[in-house]
S.K.: 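The structure under discussion is supplied below as C-alpha cells; questions concerning it will follow.
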Number of protein chains: 2
Amino acid sequence: MKNKNDYADCPVTEVIALFAGRWKLIILRVLSRHARRFGEISVRIPAISKKVLTEQLKELEADGLISRKQFGEFPPRVEYALTEYGKSLCPLLAYIAAWKKERV
Amino acid sequence: MKNKNDYADCPVTEVIALFAGRWKLIILRVLSRHARRFGEISVRIPAISKKVLTEQLKELEADGLISRKQFGEFPPRVEYALTEYGKSLCPLLAYIAAWKKERV
DNA sequence: CAGTATCCAAGGGGATACTG
DNA sequence: CAGTATCCCCTTGGATACTG
C-alpha cells in the first residue's frame, strides 16, 4: 500500500493490511498454537529466509499482533507470541475460512 | 502473490486474494449500491487510471465477483455489476469492519 | 465511451554471506 | 541463535498517449 491515507475511510483495508504480508498468515498460524522461538518458526516455514522472516515479524510486532521477548542469554534466545490483539484475530480468520468453505 | 500453490492449504489467503488489489475493495463498494458503467466507476474513483481500472475489473471478473455486460451500441456501453458471489462478500466485509470497530 | 499500448518507478520479497 | 548486510528481480501499479 503506497499511501495509507488513500484508505483512511476503509476499515476493511486496514484490517486486511494487518496480514497482507507474504508470510504473515502462516506465521500467525504457527504462533496460534503457542509461543515460538525464531528458529522454531524458521523450521516450520522452511521456504522463508531469515531476512524476510525478520521483516514480517517486525511488522506484525509493530501492528501489535505479536510480542517479542528477548532473554539476556547466550546463545541469544527470542520468543514470539500472539498478543491478545493477535489472538482476537483468530475468530475473524475462522470466519473467513468458513465463508470460503460454504461456497466451494 | 507469486505462486498460488504456496497457499493451496490456506483458505484465508485465497479469500484475501479476491480483494487484495489496490482498488478492488473500493470498486466493490461502488458496485455494491448498484450496477455502473465503466465511466461511472471512473468518475467515482478519480485517482485510478483507466488502465488500472480495466485491470482490476478484469481480475474481479475472472474471480467471479463481478459481471461485465456489453451492449452492442455506439458509443460503446459496458456495465459492471456484482454477481451473487460478489454480493455474498458483503456480509463478510461487514464482519471485518465490525471486528475493527470493536477494538478501536 | 471504453478501453489499449508503452514506458516507468517503487518496493516487497528472495538468495547468499556475514556477525554479535 | 538470531539476526544484518547486500544485491537483485519481478510484479503491481501509475502517467500518458492513442484507438475502434
Side-chain angles (χ1 to χ4, degrees), chain A residues 1-7 10 13-14 16-28 30-31 35-63 65-81, chain B residues 1-7 10 13 16-28 30-31 35-63 66-81:
Chain A
M1 185 181 312
K2 303 289 156 54
N3 183 354
K4 292 214 172 195
N5 288 330
D6 292 349
Y7 295 106
C10 185
T13 304
E14 288 173 44
I16 299 305
L18 292 177
F19 41 83
R22 177 74 177 74
W23 300 100
K24 288 186 183 174
L25 279 170
I26 302 179
I27 294 170
L28 291 173
V30 167
L31 294 181
R36 294 285 183 194
R37 301 178 57 172
F38 185 90
E40 292 177 318
I41 303 172
S42 197
V43 164
R44 277 167 180 76
I45 317 175
I48 188 173
S49 73
K50 291 180 175 188
K51 187 198 108 182
V52 174
L53 177 54
T54 304
E55 284 169 0
Q56 304 270 304
L57 287 170
K58 275 184 181 162
E59 289 176 24
L60 288 168
E61 193 195 357
D63 284 332
L65 295 175
I66 68 174
S67 63
R68 179 180 184 279
K69 186 161 48 176
Q70 188 168 0
F71 299 80
E73 308 172 355
F74 193 89
R77 172 195 169 117
V78 178
E79 209 168 78
Y80 294 91
Chain B
M1 186 182 313
K2 301 288 155 56
N3 183 355
K4 292 214 172 194
N5 289 329
D6 291 349
Y7 294 107
C10 185
T13 305
I16 299 306
L18 292 177
F19 41 83
R22 177 74 177 74
W23 300 100
K24 287 185 183 175
L25 280 169
I26 302 178
I27 293 170
L28 290 174
V30 167
L31 294 181
R36 293 286 183 194
R37 301 178 55 172
F38 185 90
E40 292 177 317
I41 303 173
S42 196
V43 164
R44 278 169 180 74
I45 316 174
I48 188 173
S49 73
K50 290 179 176 188
K51 187 200 108 183
V52 174
L53 177 54
T54 304
E55 284 169 0
Q56 304 269 304
L57 288 171
K58 274 184 181 162
E59 289 176 22
L60 288 169
E61 193 196 357
D63 284 332
I66 67 174
S67 62
R68 180 181 183 276
K69 186 161 48 175
Q70 189 167 359
F71 300 81
E73 308 171 355
F74 194 88
R77 173 194 169 117
V78 178
E79 209 167 79
Y80 294 90

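We name chains A, B, ... by the order of the sequence lines, and we start the count at 1 in each one. Everything numeric here is computed off the predicted structure, so don't read it as measured data.
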S.K.: With side chains defined as the heavy atoms from C-beta onward, is the minimum distance between B:I27 and B:Q56 less than 4.5 Å?
M.R.: yes
S.K.: Check whether any side-chain heavy atom of A:V30 lies under 4.5 Å from a side-chain heavy atom of A:R36, and answer yes or no.
M.R.: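 Yes - at least one pair of side-chain heavy atoms lies under 4.5 Å apart.
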S.K.: Using side chain to side chain contact (heavy atoms under 4.5 Å, CB included), reason through B:I41 and B:L57 one step at a time and then give a plain yes or no.
M.R.: CA-CA 10 Å; B:I41 303 173; B:L57 288 171; 4.2 Å; yes
S.K.: Quick one: A:I41 CD1 to D:dC1 P, roughly how many Å, whole number?
M.R.: 14 Å
S.K.: Any heavy-atom pair between the side chains of B:T13 and A:F19 that's under 4.5 Å?
M.R.: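 SC-SC contact between A:F19 and B:T13 ruled out.
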S.K.: Please report, rounded to the nearest Å, how far the P atom of D:dA15 is from the CD atom of B:E55.
M.R.: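 My rounded result for the distance is 13 Å.
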S.K.: Looking for any heavy atom pair under 4.0 Å, which part of the strands does B:Q56 touch: base, sugar-phosphate only, or nothing?
M.R.: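 Sugar-phosphate, backbone atoms only, no base.
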S.K.: How many whole angstroms separate atom CG of B:L25 from atom C1' of D:dG13?
M.R.: 16 Å
S.K.: What integer distance in Å separates B:E59:CD from D:dT12:C1'?
M.R.: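 Interatomic distance, CD of B:E59 to C1' of D:dT12: 9 Å.
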S.K.: Are OP1 or OP2 of C:dA2 and a side-chain N or O of B:R37 less than 4.0 angstrom apart?
M.R.: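 Answer yes for this pair, as a side-chain N or O of B:R37 is under 4.0 Å from OP1 or OP2.
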S.K.: Pick the nucleotide of DNA chain D nearest each of A:F74 and B:F74; which residue has the one closer to the 5' end?
M.R.: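 Looking at DNA chain D, the more 5' nearest nucleotide goes with A:F74.
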S.K.: Generate the contact string for nucleotides 3-8 of chain D. Rules: B means base contact, S means sugar-phosphate contact only, - means no protein heavy atom under 4.0 Å.
M.R.: BBBB--
S.K.: Assess the residue pair A:W23 and A:L53 against the criterion (side chain to side chain contact (heavy atoms under 4.5 Å, CB included)); give the C-alpha distance rounded to whole Å, side-chain angles, the decisive distance to 0.1 Å, and a yes or no.
M.R.: CA-CA 8 Å; A:W23 300 100; A:L53 177 54; over 6 Å; no
S.K.: Out of C:dA2, C:dG13, D:dG14, which has the shortest distance to the side chain of B:W23?
M.R.: D:dG14
S.K.: Regarding A:E55 and A:K51, does a basic nitrogen lie under 4.0 Å from an acidic carboxylate oxygen?
M.R.: yes
S.K.: Which residue in the set B:R68, B:E40, B:K69 passes side chain to side chain donor-acceptor pair (under 3.5 Å) when paired with B:Y80?
M.R.: B:R68
S.K.: Could you state the atom-to-atom distance from CZ of A:R22 to P of D:dT11 in whole Å?
M.R.: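 Atom CZ in A:R22 sits about 13 Å away from atom P in D:dT11.
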S.K.: For the pair made of CD in B:Q70 and C1' in C:dC1, what is the distance, rounded to whole Å?
M.R.: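 It works out to 11 Å between those atoms.
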S.K.: Starting at atom CD1 of A:I48, determine the distance to atom C1' of C:dG14, rounded to an integer number of angstrom.
M.R.: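 These atoms are roughly 10 Å apart.
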S.K.: Would you work out how much the helix from C:dC1-D:dG20 to C:dG20-D:dC1 bends between its ends, with each end axis defined by five base pairs, to 10 degrees?
M.R.: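 The helix from C:dC1-D:dG20 to C:dG20-D:dC1 shows an end-to-end axis angle of 50°.
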S.K.: Closest nucleotide of DNA chain C for A:P76 versus for A:V52: which of these residues is on the 5' side?
M.R.: A:V52
S.K.: When you measure from the side chain of B:S49, which nucleotide among C:dT16, D:dA2, D:dT16 comes out closest?
M.R.: D:dT16
S.K.: In whole Å, I'd like the distance from the CG atom of A:L53 to the C1' atom of C:dG12.
M.R.: 15 Å
